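A quick note: this is a predicted structure, and the numbers were derived from the prediction, not measured. In what follows, chains carry the letters A, B, and so on, assigned in the order in which the sequence lines appear, proteins first and then strands, with residues in each chain numbered from 1.
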Amino acid sequence: MLQQTQVKTVVPYYHAFLSEFPDISVLSSTDLHVLLKTWEGLGYYARARNLHKAAKKVMTEYDGRIPDAYDAIITLPGVGGYVAAAVLSFAYGLPYAVVDGNVKRVISRVFAMDLPVNRPASHRIFQATADRLIDRQQPARFNQAIMELGALVCTPRNPQCKTCPLGEGCQAYLQGAAGRFPVRDRRKPVPVYEMAIGAICAKHRLLIVRRPVDGLLGGLWEFPGGTVNDGEPPDAACSRIILESTGLRLTGPSLLSHIRHAYSHFKVKAAVYTIEHGDGEIELSGPAEHAWVSADELQSYPLTGVARKILPLLPPLPEPGHGVKVYPVRSSN
DNA sequence: AACGCGTGGTG
DNA sequence: TCACCAAGCGT
């Protein structure tokens, strides 16, 4: 969970996760759908899929015990150099140095290193440096201390050099230039895609589709939609995309709202439409599954961030049996 | 090696 | 409003 994610963000997910999956055996026999629901909103969903695979592997190949050898633990899906060192030092007291964003920032400042920290070649230098610095008598303490220093004192912006325990031991501080470190290669500008998404309602139920288990947002559910072609009217795109992806031929998508969403490597501006649907046969192309769900049933599905943004915009969806037809009630504006 | 992969906080 | 960044890993 902590990969590329701040502790403050992780904490509530961590507690919910441990409550639901108290040990590796439970996790290994859990359906991915349930795991993803617990992970919903945390992002980087491959971590959840990898953790699931790792739990199965630990059960079948390591008798339910997480291995204490570097060469073994590193083979678990989702376990790289950082997690391997973290587990081996914190759980088993072994002298492996963690190198995360905090550690690289601290080291780059302490030694005034101008190696770009986001370059694979320089990562090896930081790892070698941390390996040299680590207290072999108290590896867990050292690892925790250097990460915590980076998180609380040697922060990315406005580092608290005045109260830093390293004080004059830091080259960047001596140069009065902590703010110039760490050096980082500029990242590429992110493209913005225009999308059209349809909230299709029939018999008081919404249509949601499941994304393929691999790739972006793998295994999560969302309202059917896709990218608008250049020059294509968004409402026409909505009809086209829904026909292509679900097989449903629909008329008159009604504009509900626009939403924006930022992913790791691109941005989206989406037009959201409501559509009333009589009947018709689903024939999926792209999505792995589909479901017609009531508002209540929807709660158990792991949804994408975009779907969770759309949900509160929708007109109320009554439970069937009330005989009150209120969806859709809003016209476009 | 470079890129794909989420989301929320922050200045 | 927006770019930047976070307890990285897989391909």
Look at the side-chain N and O atoms of A/K8 and state whether any lies under 4.0 Å from the OP1 or OP2 oxygen of B/dG8. no
Decide whether A/R47 and A/N50 meet the rule of one side-chain donor and one side-chain acceptor closer than 3.5 Å. no
Quiz question: by atom type and distance under 3.5 Å, do the side chains of A/K203 and A/H277 form a donor-acceptor pair? no
Base, sugar-phosphate alone, or nothing: which one does A/L42 contact when heavy atoms must sit under 4.0 Å apart? base
Determine the interatomic distance between P on C/dA7 and the same-named atom on B/dC5; round to the nearest Å. 23 Å
When all nucleic acid strands are considered with a 4.0 Å heavy-atom cut-off, which category describes A/K267: base, sugar-phosphate, or nothing? sugar-phosphate
May I have the distance from A/R124 (atom CZ) to C/dG8 (atom C1'), rounded to whole angstrom? 16 Å
Atom CG of A/N118 and atom P of C/dC4 are separated, to the nearest Å, by 12 Å
Integer angstrom distance from the P of C/dT11 to that of B/dG6: 14 Å
Are A/R157 and B/dG9 close enough that a side-chain N or O sits under 4.0 Å from OP1 or OP2? no
A/R187 CZ to B/dA2 C1', straight-line distance once rounded to whole Å: 14 Å
Counting only heavy atoms from other residues, nucleotides and ligands, does the tally under 6.0 Å from CG of A/N229 exceed 12? yes
Just to confirm, is there a sub-4.0 Å distance from OP1 or OP2 of C/dA6 to any side-chain nitrogen or oxygen of A/Q6? no
Just call it for A/A262: base, sugar-phosphate, or nothing, with non-hydrogen atoms closer than 4.0 Å on any strand. base
Name the closest nucleotide to the A/R308 side chain, picking from B/dT7, B/dA1, C/dA6. B/dT7
Plane angle bin for A/W221 and A/Y301 - parallel if under 30°, tilted between 30 and 60°, otherwise perpendicular: perpendicular
Between the side-chain atoms of A/T5 and the base atoms of B/dG6, is any donor-acceptor pair under 3.5 Å? yes
Using a heavy-atom cut-off of 4.0 Å across all strands, would you classify A/R260 as base, sugar-phosphate, or nothing? nothing
Tell me what A/V190 touches on the nucleic acid: a base, only sugar-phosphate, or nothing, going by heavy atoms under 4.0 Å. nothing
5' precedence on DNA chain C between A/L2 and A/N50 (nearest-nucleotide basis): A/L2
Just by modelled atom types, is the A/K309 backbone N or O under 3.5 Å from a matching donor or acceptor in the A/H261 side chain? no
Residue whose nearest DNA chain B nucleotide is more 5′ - A/Y44 or A/K188: A/K188
Separation of A/Y263 atom OH from C/dA3 atom C1', in whole Å? 19 Å
Grab the CG-P distance between A/D100 and C/dA6 for me, whole Å please. 9 Å
Ignoring backbone atoms, establish whether A/R49 has a side-chain N or O less than 4.0 Å from OP1 or OP2 of B/dC5. no
Taking only N and O in the side chain of A/H265, is any of them less than 4.0 Å away from OP1 or OP2 of B/dG4? no
Tell me whether A/T246 contacts the main-chain N or O of A/L243 through its side chain, where contact means a donor paired with an acceptor under 3.5 Å. no
So A/G81, base contact, sugar-phosphate only, or nothing? Heavy-atom distance under 4.0 Å. sugar-phosphate
Spacing between A/Q3 atom CD and C/dG8 atom P, to the nearest angstrom: 8 Å
What do you reckon, is CD1 of A/I74 surrounded by more than 12 foreign heavy atoms closer than 6.0 Å? yes
Using heavy atoms to find the nearest nucleotide of DNA chain C for A/L76 and A/A151 separately, return the residue whose nucleotide is more 5′. A/A151
Is a side-chain N or O of A/T9 found less than 3.5 angstrom from the main chain of A/T5, in a donor-acceptor match? no
Counting distance alone, no hydrogens or angles: does the base of C/dG8 have a donor or acceptor under 3.5 Å from a partner atom on the side chain of A/Y82? no
Whole angstrom is fine here: how far is it from CE in A/M1 over to C1' in B/dT7? 14 Å
Which part of the nucleic acid does A/G150 contact within heavy-atom distance under 4.0 Å: base, sugar-phosphate only, or nothing? nothing
Which of B/dT7, B/dG11, C/dA7 is nearest the side chain of A/N158? It is B/dG11
Has A/R184 got a side-chain N or O lying under 4.0 Å from the OP1 or OP2 atom of C/dA6? yes
Between atom CZ in A/F266 and atom P in B/dC3, what is the gap in whole Å? 16 Å
Taking 4.0 Å as the cut-off, does a side-chain nitrogen or oxygen of A/R186 come that near to OP1 or OP2 on C/dC4? yes
First of A/G305 and A/A121 reached from the 5' end of DNA chain B, by closest nucleotide: A/A121
Just to be sure I understand the rule, does A/V79 reach a base, reach only the sugar-phosphate, or reach nothing, if contact means heavy atoms closer than 4.0 Å? sugar-phosphate
Which part of the nucleic acid does A/E148 contact within heavy-atom distance under 4.0 Å: base, sugar-phosphate only, or nothing? base
B/dT7 phosphate, OP1 or OP2, under 4.0 Å from A/H261 side-chain N/O: yes
